[in-house]
Structures are given as C-alpha cells and as structure tokens.
Amino acid sequence: MDKHQQQQQLFLAKSTRQRCNEWIFRDVPSDITIEVNGVSFALHKFPLVSRSGRIQKLVAEHRDSDMLRVELVNVPGGAESFELAAKFCYGINFEITSFNVAQLYCVSDYLEMTEEFSKDNLGSRTEEYLEIVVCKNLEMCVEVLQQCESLLPLADELKIISRCIDAIASKACAEQIASSFSRLEYSSSGRLHMNRQTKCEGDWWIEDLSVIRIDLYQRLITAMKCRGVRPESIGASLVNFAQKELTKKCSLWNPSGLTKVDLGSTDHERLVVETIIGLLPVEKLAVPISFLFGLLRSAVMLDCSISCRLDLERRIGSQLDIATLDDILIPSFRHSGDGTLFDVDTVQRILVNFSQQDDSEGDMDDESVFESDSPRSPSQTALFKVAILVDNYLAEIAPDANLKLPKFLGIAETLPEHARTIHDGLYRAIDIYLKAHPSLPDEDRKRLCKLIDFQKLSQEAGAHAAQNERLPIQSIVQVLYFEQLRLRNALCCSYPDDDHKPAVHHQSWRISSGALSAAMSPRDNYASLRRENRELKLELTRMRMRLNDLEKEHVCMKRDMVKSRSRRFMRSFSKKIGKLSLFGHSSSRGSSSPSRQSYRTDSKVIERTCASTD
C-alpha cells in the first residue's frame with residue numbers, strides 16, 4: 001500500500017469516527033468495539049444483536065467478556081456500508097438509493113439481517129426497494145450495476161446483477177416496441193406501414209450502457225439479443241461502447257518510431273476488442289464497415305486471438321463493396337518482419353473472403369457473367385466496385401520500396417479476370433510499382449505485365465503505354481498491335497466497303513471497346529483469349545524475323561518519297577506494305593482471315609486517299 005492510499009484510509013477512518021460520534025448514544029458507555037477495514041466503531045451490543053445474526057453469534061461466543069472487541073473481515077462495501085447497517089440497527093433513518101442499495105443488500109446478507117431476527121429488517125427493506133423501484137427504471141438498474149462492480153462475486157451470488165440485466169433488457173425491448181408502434185401510420189390507400197423517415201426514439205438507453213464494466217456489458221448485450229432487441233440498436237451500442245473504452249486508452253501507434261506498444265499495458269484493451277467482436281450481430285450492415293475496420297486495426301495492434309481477427313475479416317469480406325480506400329489501408333507494424341508500410345496479408349485474406357462469399361442477391365443477369373459451376377460468388381455489381389477499390393489500393397501500396405512482387409501479385413490476382421472491364425487502374429498501379437522498383441529483373445517485369453489485358457485499356461492509357469519505357473518490349477508491341485487494330489477499325493468505319501463489312505464487324509466485336517461482352521461467359525472469354533494469345537505469339541515471332549527487313553524498307557521508302565510523289569509510287573508503297581504483312585497471315589491455306597481482309601482494306605483506303613490527293 002503506497003503513502004497516498006494510507007493517507008486516504010486514515011482520512012476515511014477519521015471522518016467515519018466523527019460521524020459515529022454524532023449518532024451513537026453518548027450517555028451509555030460502549031460495550032463492543034467492531035473494527036472494519038482499519039476503522040473502529042464503538043457500539044452497543046443490544047441494538048446490534050437484535051438485528052444481526054452474525055453479531056449475535058459473535059457475542060454468544062464471548063459471553064463472559066464485558067468489553068468485546070471484534071474484527072469483521074471482507075465486509076461488502078467496507079466501513080461505509082457497515083456504518084449504514086449499524087445506523088439501521090440503532091433505528092436512525094437514512095435514505096436507500098440506487099447508489100447504496102447494492103451495498104446494503106450485500107452487507108445485510110453478510111451480517112445476516114433477515115426477518116428471522118427482526119421484522120422489516122434491512123434485508124427485506126433492500127429487497128423491496130430493488131424489486132419495486134430499481135427494476136422498474138432502466139437508469140437506476142445501470143447505476144446499481146456500476147455499484148455491483150466492487151461487490152463481486154457476492155452481488156452475483158445474490159442475483160442482484162442478473163435481475164438488473166434482465167430488467168434492462170426487458171425495458172429496452174419494450175421501449176423499441178413502443179417506438180415502433182408510434183411510427184406506424186396509414187398510407188393514402190389505407191394500408192398500415194412503418195414510417196422509416198421518423199427517427200427511432202427507442203434507443204435512448206445506448207449512451208447509458210457505455211459506463212458499465214466490460215464483463216457485465218457482455219452479459220447485458222447477450223440478454224438483449226435473447227430478448228429480441230434490434231441488431232441495429234445492438235450495433236449502435238457496441239460502437240458507442242468501443243469509442244468510449246478505446247479512444248482514450250488505446251493508442252495505435254507509439255510516437256517513438258512506429259513500434260508496437262507494450263503488451264503489458266494493453267490487457268484491458270485486448271479484452272474489450274475481443275469481447276466486442278464476439279458480440280457483433282450476425283446481420284450485415286448492423287454496424288458501419290468503417291467500425292469493423294477500426295476493430296481490425298486494433299485487433300492487429302493488440303495481438304488479439306486469431307479467431308477474432310479471422311471473424312472480422314470474414315465480416316468485412318461479406319460487405320467489401322461498400323468499403324473505401326481509407327478503410328483498407330491497414331497500417332503494418334514492425335513486428336511483421338517485412339518492413340512494409342501496410343498490412344497486405346490481411347487485405348488479401350479479406351479479398352479471398354469476398355470472392356468466396358455466398359451470392360445472396362440471386363440476380364439472373366449474374367448467371368450469364370459468372371460460371372455456372374461456381375455456387376459461391378459475389379454479385380457482378382459488387383465485383384466491379386471491389387475491382388476499382390483493389391486497383392486504387394495497389395496504386396497506394398506500389399510506391400513502397402519494401403513491397404515484394406509476390407505480395408503485389410497476390411492482391412492483383414485475387415479477383416477473377418472478369419471483375420475488371422477496364423484495365424486502366426491496374427495499368428496505373430503496375431506502372432507506379434515499376435517506377436518505384438527500377439531494379440526489377442526483366443522476368444519479373446514480364447510476369448507483372450501479364451496481368452494487364454491491353455485490349456481493355458482506354459485510348460489515353462494505350463497511348464501512354466505505347467511510349468512507356470518501363471514496360472517490357474513484348475508489352476509495348478502488344479499495345480502497338482491493339483492500337484493499330486483499333487485505328488484500322490476506325491478507318492474502316494470512316495470508309496465503309498461492302499466487301500469488308502464482315503471483317504470489320506468481327507474486329508469491332510473483339511477489340512473496339514476493350515471490354516467483355518455482357519453475354520460472354522468467363523470460360524468462353526478465356527478460350528478466346530488463349531486463341532488470340534497463340535495468334536499474337538506467332539505474329540510476334542514473324543515480326544522479330546522481319547524487323548531488319550522493315551528497317552531497310554523504311555530507309556528505301558524515305559528515299560523514294562523524296563524522289564517521287566507520283567500515284568504509281570504510292571501504289572508500289574501500298575504493295576510493299578502488303579508484302580511485309582508485319583503480323584502475318586492466317587495459318588490455313590486458301591482462306592482469308594479477318595485480319596488479312598483488314599489489311600487489304602487498309603491498302604484500298606490508302607490508294608483512294610492517294611487518288612483523291614492527285
């Protein structure tokens with residue numbers, strides 16, 4: 001016991017003696033001295049024995065002693081509670097309130113002040129007040145629960161806590177039912193419906209519950225769930241309780257170097273976080289997703305149990321489509337070992353949970369987009385939103401010099417291929433990563449750029465990628481190829497030709513928009529992409545073989561253009577381009593592929609242009 005506590009106890013003993021001198025009989029000498037927690041009470045046997053069975057037994061054991069001195073150990077409520085019980089024995093009036101009824105109830109049980117020894121004894125009086133007054137009022141029940149915190153486990157054994165908890169749960173449920181009835185109104189058609197625009201006034205008790213200790217609060221919320229209190233109200237209470245308990249006590253960062261805080265000082269915070277996670281309603285949207293992410297950050301920082309963190313990740317994954325970029329930017333701590341700024345592993349697990357969630361919307365349109373043999377998949381709208389969120393997240397974490405390629409790829413590859421209709425965001429994130437990691441080997445660059453479908457780049461992103469020196473040469477060639485096809489399609493649309501309309505329409509269907517058709521399944525799209533990939537590889541091989549020839553032809557063309565601009569030269573120029581055929585012909589003989597027909601169309605367009613200029 002430190003010096004401050006000793007001084008406080010001496011002051012309490014002195015003030016208690018002074019109060020005792022005011023109400024104890026001064027003209028009758030004391031014949032019993034009772035000591036409670038270091039405080040001595042000079043009293044008389046007769047009034048105490050007539051009310052207290054415990055003191056009656058002590059006096060009987062020392063019948064021969066004229067001046068008895070007794071020490072009472074572990075008195076509920078200490079000296080103050082015993083003083084009130086002694087006053088009751090002396091017949092001195094005092095007020096029973098919600099702030100002292102729990103102490104009086106417990107001390108009456110300790111001193112055995114029951115009806116067996118006296119009618120209307122302290123035990124029956126406190127029982128009556130608890131039943132008639134306290135249990136009818138929610139605020140008083142909360143106050144009694146606060147007083148019971150220092151009276152455990154006796155208050156629990158006497159069922160004071162359980163009675164107050166049941167009373168609060170019943171009262172909160174009744175308040176919500178009454179509030180719901182007050183919001184009922186008749187529509188213009190005469191039907192009864194709930195007015196959801198009117199603010200619910202049945203949740204005024206949420207603020208009152210935030211002062212209860214965490215173990216009692218846990219029992220209270222569990223009782224409310226059993227009584228049928230709305231999940232939204234329980235969620236609001238959890239948010240309010242967590243904000244009051246953790247905002248001032250829990251520090252996410254240590255200012256001296258972003259190191260993890262001392263675990264020895266975070267036991268209470270860890271208990272609060274784990275308890276709140278266990279009390280979360282199972283219903284979606286019962287609590288804001290930002291609150292779930294806040295709990296997850298605290299759980300990671302406080303080293304909460306793995307089951308709690310996995311439960312939070314599962315809950316967040318089920319509603320990830322409403323999260324924001326700030327939500328998923330979870331800081332990483334130095335104890336993780338990799339030195340990254342953000343906790344990428346946690347976000348990846350959340351994405352896996354999102355991809356595996358049940359499809360509760362049941363949209364018929366989704367069946368044409370997702371594979372029929374995949375029973376667990378998110379909705380199409382949610383996929384598109386999360387894809388944008390992931391691309392923005394990748395762009396945020398990409399500048400981190402300590403971020404390894406496997407972790408970056410793990411986040412980018414978590415979502416299915418059909419989640420992204422446009423690859424501009426993914427291209428931007430990869431470009432930022434390449435810029436922040438200039439020493440990345442060529443093989444890793446190729447592996448990274450394979451994530452990008454260059455057909456799905458917008459015109460602006462394609463133009464940027466065509467001049468991006470950070471991309472591998474194979475990727476730049478792909479960009480140029482698709483840009484050429486897009487340009488050819490635009491030219492063919494400007495100069496329509498009946499002979500080539502089928503080829504034009506075929507190319508337009510495949511690459512003009514840069515996005516998947518809504519009617520194409522991922523399996524068909526995958527087969528189409530593999531087929532186009534094989535064709536592209538053949539064309540790239542032919543291009544490498546003819547690259548030197550192209551450079552020589554280019555020099556000759558420039559020299560010829562200086563010498564002559566006649567119509568005959570332009571026709572020969574067109575024939576030379578046709579012979580070069582940079583990206584090759586179809587592998588089947590005797591048939592013309594759509595790409596071959598498009599090249600012929602280009603030759604005709606160039607010839608018409610030259611003829612018009614002449």
Side-chain angles (χ1 to χ4, degrees), residues 258 325 328-352 355 386-417 419-483 514 526 529-530 532-534 536-537 539-541 543-544 547:
L258 295 180
L325 180 59
I328 65 174
L329 288 175
I330 303 173
S332 179
F333 300 94
R334 292 192 177 180
H335 71 278
S336 61
D338 55 9
T340 55
L341 296 176
F342 299 101
D343 191 348
V344 180
D345 295 332
T346 298
V347 175
Q348 185 175 3
R349 289 194 298 270
I350 292 174
L351 287 171
V352 171
S355 301
V386 173
I388 296 174
L389 179 66
V390 169
D391 291 345
N392 292 332
Y393 177 75
L394 289 172
E396 284 292 327
I397 65 175
D400 187 358
N402 295 322
L403 181 62
K404 303 301 181 183
L405 181 62
K407 289 196 173 186
F408 187 90
L409 290 173
I411 295 292
E413 294 175 341
T414 304
L415 297 180
E417 293 182 3
R420 295 180 177 92
T421 57
I422 300 296
H423 276 220
D424 288 12
L426 182 60
Y427 165 72
R428 172 173 167 265
I430 291 177
D431 185 44
I432 295 174
Y433 187 85
L434 293 175
K435 185 176 181 180
H437 300 78
S439 60
L440 200 66
D442 291 339
E443 291 299 324
D444 290 340
R445 290 175 181 269
K446 294 177 183 178
R447 182 182 173 191
L448 193 59
C449 291
K450 283 182 180 179
L451 297 174
I452 307 174
D453 186 350
F454 293 100
Q455 283 185 277
K456 296 182 182 180
L457 291 181
S458 64
Q459 187 173 357
E460 294 78 8
H464 183 276
Q467 303 176 7
N468 192 343
E469 298 179 353
R470 290 183 287 272
L471 298 181
I473 185 63
Q474 294 85 350
S475 299
I476 296 178
V477 171
Q478 290 184 51
V479 174
L480 293 174
Y481 170 62
F482 291 124
E483 288 298 314
Y526 178 71
L529 290 177
R530 290 192 62 181
E532 293 176 8
N533 191 29
R534 287 195 297 268
L536 181 60
K537 286 181 178 179
E539 291 165 349
L540 289 176
T541 303
M543 182 178 181
R544 291 192 190 98
L547 186 59

Over all heavy atoms of both residues, which pair between Leu415 and Ser355 is shortest? Give the atoms and the distance, please. CD2-OG, 4.0 Å

Nearest heavy-atom contact between Ala387 and Ala419 is CB-O, 3.5 Å

Please check this pair: side chain of Lys456 against backbone of Arg420, looking for a donor-acceptor N/O pair closer than 3.5 Å. yes

Examine distances only and state if a side-chain atom of Asp424 and a backbone atom of Ser458 form a donor-acceptor pair shorter than 3.5 Å. yes

For a side-chain contact (heavy atoms from CB on, under 4.5 Å) check, start with the C-alpha distance between Leu426 and Asp453, then their side-chain angles and the critical distance, and finish with the verdict. CA-CA 9 Å; Leu426 182 60; Asp453 186 350; over 6 Å; no

Is a salt bridge present between Asp431 and Arg470, judged by a nitrogen-to-oxygen distance below 4.0 Å? yes

So [Y] and [X], do their side chains get closer than 4.5 Å, heavy atoms only?
X	Y	value
Leu434	Leu448	yes
Pro472	Asp442	no
Val477	Phe454	no
His464	Tyr427	yes
Ile397	Thr340	no
Ile476	Asn468	no

Rounded to the nearest 0.5 Å, what's the gap from [atom1] on [X] to [atom2] on [Y]? Could you check?
X	Y	atom1	atom2	answer
Ile422	Ile388	CD1	CD1	10.0 Å
Leu325	Asn392	CG	CG	6.0 Å
Leu409	Lys404	CG	NZ	13.5 Å
Glu396	Leu341	CD	CG	11.0 Å
Ile411	Gln348	CD1	CD	5.0 Å
Thr414	Arg349	OG1	CZ	12.0 Å

Counting only heavy atoms not in Arg428, do more than 12 sit closer than 6.0 Å to its CZ atom? no

So that I know where these two stand, are Phe408 and Tyr433 an aromatic pair - ring centroids less than 6.0 Å apart? yes

